[in-house]
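Presented below is the structure to which this report refers.
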There are 2 protein chains.
Amino acid sequence: MQIGRMVYDQIDIVNKLIESINISGNSVTNSRRRIIAEIVRKEGLFTSEELAKSLPNIGRATVYRTLRLLYEQGSVCRINIVDDHSYYTLSSSDHHHHTVCKKCNKIDEINLIGLEKSIKQFEKNINSEILSHNLEIYIICSDCA
Amino acid sequence: MQIGRMVYDQIDIVNKLIESINISGNSVTNSRRRIIAEIVRKEGLFTSEELAKSLPNIGRATVYRTLRLLYEQGSVCRINIVDDHSYYTLSSSDHHHHTVCKKCNKIDEINLIGLEKSIKQFEKNINSEILSHNLEIYIICSDCA
DNA sequence: TTGGGTGCAAACAGTTTGCATTTTC
DNA sequence: GAAAATGCAAACTGTTTGCACCCAA
């Protein structure tokens, strides 16, 4: 069931993000609404550039500023993959890790349950609070092998 | 026991890296020798910029080109940390993971033994060869807490 | 109505490229 | 002597900033 190109639960996410901007004391502007809608529509990893390109009527600076705002609020998270781009995803989506094919650069999302346990264990051993973590596994994918 | 500021086993590493340039069919030049010596002297993570700065008489381009050569040869590896810089280390140094303090950006090397096991297990489950992996844990370090 | 947000253009940082000169093999 | 590497400067890419105008609260 869709409204335009957006399904109901996507609209919920959009509303939640807009609400969080409001709560944090920032203005809910038209540009921000549109940027958020676009992020939700993407449904996965995206780069700042891709986002900016799919919103040609919004200034690049505004896209970058909004992305930073969402990042600082924790609405969006950054993933670092060794190919000179920062990727973003919605924080609301489940936490997961990534495989990156060194040949074709295809990125897949995976879930290493064992890791979460190791990290919890590690947190007990050090005297610092863990905020988040980031794991990429570099592979040659089955298509490229 | 040191020669200049360099100990014997560092000299071995330098020679090994120079040799690998030779073997791969590239020329062993003076600039490359000096860049390699500097990398070995650094003994840990460094950025391209730091490296270039500590070798002011060598052109930036040469530093970047040599770093890329070493990376492509596998002599050096890139570590991605979400702070807008690419970090490098010698591949010969033990594999380890990193904690990054979100406040002061201090980076520490750690070793999550459990993770290595999870990754090995994961490799069995997927149909792809794992080349390497990258883990950063974001924390608030004890100094900043 | 006023302070934050926008959009443009200019600035910036890190990196790469073109090219004449130098070095290695 | 030919091919590869260097160093400079210019180009390029992704991102940020300054500033006049605009709009949400």
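Chain letters run A, B, ... following the sequence lines, proteins first and then strands; every chain starts at 1. Everything quoted here is computed from the prediction, not taken from an experiment.
- Rounded to a whole Å, the CD1 atom of A:I23 is 17 Å from the C1' atom of D:dA24.
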How does protein reach along nucleotides 15-25 of chain C, written 5' to 3' as B (base within reach of a heavy atom under 4.0 Å), S (only sugar-phosphate), or - (no contact)? BBBB-----SS
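- If you measure from atom OH of A:Y87 to atom P of D:dG14, you get 11 Å, rounded to the nearest angstrom.
- Looking at residues two or more places apart in sequence or on another chain, you find a side chain to side chain donor-acceptor pair (under 3.5 Å) between A:K42 and A:S54.
- If you find the closest nucleotide of DNA chain C to A:T62 and to B:K53, the one lying nearer the 5' end belongs to A:T62.
- Scanning for side chain to side chain donor-acceptor pair (under 3.5 Å) contacts around B:H97 gives B:H95, B:E116, B:H133, with sequence neighbours left out.
- Each end of the helix from C:dT1-D:dA25 to C:dC25-D:dG1 gets its own axis from five base pairs, and the two axes differ in direction by 30°, given to 10 degrees.
- A:I21 and A:S27 make their closest contact through CG2-O, 3.6 Å (heavy atoms, listed as atom of the first residue, atom of the second, distance).
- In this entry the distance linking CD of B:E50 with P of C:dA13 reads 16 Å, nearest Å.
- A:L135 belongs to a hydrophobic cluster whose remaining members, ordered by chain and number, are A:I110, A:L112, A:L115, A:I119, A:F122, A:I126, A:I130, A:I137, A:I139, B:I110, B:L112, B:L115, B:I119, B:F122, B:I126, B:I130, B:L135, B:I137, B:I139; membership requires side-chain heavy atoms of ILVMFWY residues under 4.5 Å apart, directly or through intermediates.
- The aromatic rings of B:Y88 and B:F46 sit parallel, their planes meeting at an angle under 30°, below the 60° perpendicular limit.
- Heavy atoms only, all atoms of each residue included: A:L45 and A:I79 are closest at CD2-CD1, 3.4 Å.
- A straight line from CG of A:L69 to C1' of C:dG4 spans 12 Å, rounded to a whole angstrom.
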Using residues 60-70 of chain A as the side-chain source, report each donor-acceptor pair under 3.5 Å to any protein atom, sequence neighbours left out, with the distance given to one decimal.
{"from": "A:T66", "atom 1": "OG1", "to": "A:T62", "atom 2": "O", "distance (Å)": "2.8"}

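- Applying the 4.0 Å criterion to OP1 and OP2 of D:dA5, one finds that B:T66 has every side-chain N and O outside that range.
- Between B:R34 and B:E38, none of the side-chain N atoms (NZ, or NE/NH1/NH2) sits under 4.0 Å from a carboxylate O, so this pair counts as no salt bridge.
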